[in-house]
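Counting starts at 1 for both ligands and their atoms, following the listed order.
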Amino acid sequence: MTATHCPYCALQCAMTVTPTPHGARVEPRDFPTNRSGLCRKGWTSAELLRHDERITSPLRRIGDRFHPVSWTDALDDIAGRLLSIRAERGPDAVGVFGGGGLTNEKAYQLGKFARVALRTSRIDYNGRFCMSSAAAAGNRAFGIDRGLPFPVTDLDDADTILLLGSNVAATMPPLLSHLAAARAAGGLIVVDPRRSETARLTDDGGGTHVQPAPGSDLIVLLGLTHVVFAEGLADLTYLAARTNGAEELRRSVGAWWPERVQTATGVPAAQLRAVARRLAQAPNTFIITGRGVEQHIDGTDTTTAAINLSLALGLPGTHRAGYGTLTGQSNGQGGREHGQKCDQLPGYRKIADPAARAHVARVWGVDPDDLPGPGVPAMQLIGMLGTEVSALLVHGSNVVVSAPDATVATAALAALDLLVVCDFFLSETARLAHYVLPVTQWAEEEGTMTSLEGRVIRRRRSLPPPGETRSELWIMRELALRLGAAGTWSAEAREVFDELARASAGGIADYSGLSHELLDTGIGAYWPYPTGSAGTPRLFQESFAHPDGRALIVPVTPGRGDHDTTGNMTLVTGRLMEHYQSGAQTRRVAELMQARPEVTVQLHPAAAADLGISADDLVDITNERGTVRARAEITRGIRHDTVFLPFHYPGTGSANRLTEAAVDPHSAMPEFKRTRVTVSRSAGQG
Ligand SMILES: Nc1nc2c(c(=O)[nH]1)N[C@H]1C(S)=C(S)[C@@H](COP(=O)(O)OP(=O)(O)OC[C@H]3O[C@@H](n4cnc5c(=O)[nH]c(N)nc54)[C@H](O)[C@@H]3O)O[C@H]1N2
Ligand SMILES: Nc1nc2c(c(=O)[nH]1)N[C@H]1C(S)=C(S)[C@@H](COP(=O)(O)OP(=O)(O)OC[C@H]3O[C@@H](n4cnc5c(=O)[nH]c(N)nc54)[C@H](O)[C@@H]3O)O[C@H]1N2
Ligand code: SF4
Ligand SMILES: [Mo]
């Protein structure tokens, strides 16, 4: 029996894994975050370890068919083709796409592999689709980006929690135990255009459901901040002592009186006033954002508006109060600290910073002048596939299903001279690859993850990998050697972690005092954890991370208010409890598939009646980018002008056939949440 953590989301629920004759069995383990809870995905996670669709040898595609090949042949051929592409077209003709599900060791090694072995600047990852707007806003305001700057258990004492665009009841069910006190105090305030599972927790005195038009949260937040200043509820002492920009903020919200906000968002003025008063008057208030407010073309500014409200109320860095964002992927936090981002080096350093380059180059044993400069963010990288970029290595993402405007992204992937995908299954993206390399799963590898609360924890190996499966650390080492890379390349997670710790020393995300040995002795440790420290469960207690120690308030204004008005409905996308992300994993778990076998579209009864749609009818959701066919689920839990699709399904069920590739100017986060569509009953059904 091995103590480890769930493979899926950033809550990183603790579990034990026990090998069985045909695989393994998991059991929940008591831990501060999950308190012995697991969601259905966690309970069934071991099913994929010995799944019969698992890839267990390297595969080479010829035409439509995959053929098993030896590791030596696969790696020799891949390295040879990478070298010839580099010789012909330069190092930037090779791209790398990483993932927030990789361990810290793999994410770190992938960034190093791109810069040192491939010598390309063109690396980015799926965290761009996930945490980039929250990261940009956090860096701008606080000078640091750690999703929750406090332990999850701090929420236990909260009497008021404003949860914006997050459906934790479906996306992190065990986290609900930390919302219980706020609910009991009638202070759970959920902002969501849908009556989501989480919004329903506000019923029966639990709190308030605020239901704005999709994409109008920035205005709601300006309205709340307006009330806070107008009614003398702002914490002026805190603002003066700990922030810059308070006066500009006060002026910038001056014109957003509640009645005007009501017209723009649909949120009643009286409700806005009541929410603002509650936030200001409760002793323990937290403001938390999720993807519903972040995954928009103005996601950075909307998140900034939430942070500004929290600063006006004097919450961040004070006892038992604060602002945070809920990181999504298993290692969504660590994955954004150690060099997978196009402008980053390990320790959350900037690749354009000469001192950062010198430090990391020394650890890597290379000349700083040989390191490439900043690359381009994910959507720009995808836009270059088949033209400026001829080869791509994918580690931990199923872009065909999860990227916006997926039809265009799929065509770009198909236009590559060389696509190499590391995965456990033939995901929709792997099916396009020239080579698919089988890699170890969570319970077969050692490493570390950094959870949503900034706690670095150990992932441990419980059973051997099947067949010819190899770890990505080994694959990177083998390729680096064949590419003639400088430096040393370990395939041992422990050694890679020690190198990561040295590379991160002195950086924002400093892991230098951590090691596998140290992490093995306790229940993890919060970064920053410089050598000789005891870690940092709570940030901002004395100061923020800007040089003057103050938080920076950047006033924001609504941008693209008059959005595209084509079509008859607004489409909102998101998640179901039973499936994870592109579904590459959970669509292979029988119990989860049985529960959610096919894509359904949520539609209000009034809209359904107008359109002549009945429950379980097939519905076409269309715009200029494509069409999705889904089964109608008629529910009062959604606005009459809005429909909801989960993005977990491929093919004609893929919501991302409809989303647009437009991105936020600060974070390069795509607009995933809001798209105009035309909804109609599919032709040809009985
Ligand atoms: N079951 C499950 N759990 C997961 C995942 C999964 O795929 N499945 N993925 C993990 C990952 S990577 C992530 S990032 C997290 C995401 O976790 P969440 O952020 O909770 O997930 P979403 O469903 O994407 O969005 C949350 C809510 O935002 C609402 N929303 C949409 N548009 C708007 C808007 O304009 N304004 C507001 N206020 N709300 C809006 C949606 O209706 C939805 O209920 O979940 C993690 N956990
Ligand atoms: N419309 C819409 N689209 C969205 C979103 C949305 O809300 N709406 N949310 C976005 C968000 S927040 C996210 S995080 C992305 C996620 O979307 P993806 O990046 O596609 O994430 P996954 O489906 O988790 O894909 C991970 C793939 O890597 C494999 N894998 C898992 N672990 C490892 C590993 O350690 N190594 C390797 N090599 N492979 C591994 C899995 O089998 C799977 O095929 O989707 C985004 N897309
Ligand atoms: S909430 Fe997240 S970490 Fe916990 S069991 Fe479910 S998927 Fe796993
Ligand atoms: Mo995510």
> Using a 4.0 Å heavy-atom threshold (strictly under), name the region of Val439 that reaches ligand 2: side chain, backbone, both or neither.
side chain

> Which atoms from ligand 3 have a heavy atom of Pro174 less than 4.0 Å away?
1 (S)

> Taking non-hydrogen atoms only, is Arg40 closer than 4.0 angstrom to ligand 3 via side chain, backbone, both or neither?
neither

> So is Met131 in contact with ligand 2, going by heavy-atom distances below 4.0 Å?
no

> Relative to the heavy atoms of Tyr8, which atoms of ligand 3 are at a distance of less than 4.0 Å?
7 (S)

> Given Val190, Leu592, Thr171, identify the one with the heavy atom nearest to atom 3 (N) of ligand 1.
Thr171

> Given Glu578, Gln585, Arg575, Glu294, which has its nearest heavy atom closest to atom 16 (C) of ligand 1?
Arg575

> If you measure every N or O of Gln295 against every N or O of ligand 2, does any of those distances drop under 3.5 Å?
yes

> Restricting to N/O/S atoms, is Cys9 within less than 2.8 Å of atom 2 (Fe) of ligand 3 or not?
yes

> What are the atoms of ligand 3, with element, lying closer than 4.0 Å to any heavy atom of Gly42?
5 (S)

> Nearest non-hydrogen contact with atom 34 (C) of ligand 1 belongs to which option: Gly101, Gly292, Pro646, Gly165?
Gly292

> Measuring from atom 44 (O) of ligand 1, which candidate in Leu218, Thr302, Asp192, Thr642 has the nearest non-hydrogen atom?
Asp192

> Using a 3.5 Å cut-off on N or O atoms only, is Leu576 in polar contact with ligand 1?
yes

> Of all the atoms in ligand 3, which lie at a distance below 4.0 Å from a heavy atom belonging to Cys6?
3 (S), 5 (S), 7 (S), 8 (Fe)

> For ligand 2 and His395, I'd like to know whether there is a polar contact (N/O to N/O, distance under 3.5 Å).
no

> Taking 4.0 Å as the limit for heavy-atom contacts, which would you say applies to Ser330 with ligand 3: side chain only, backbone only, both, or neither?
neither

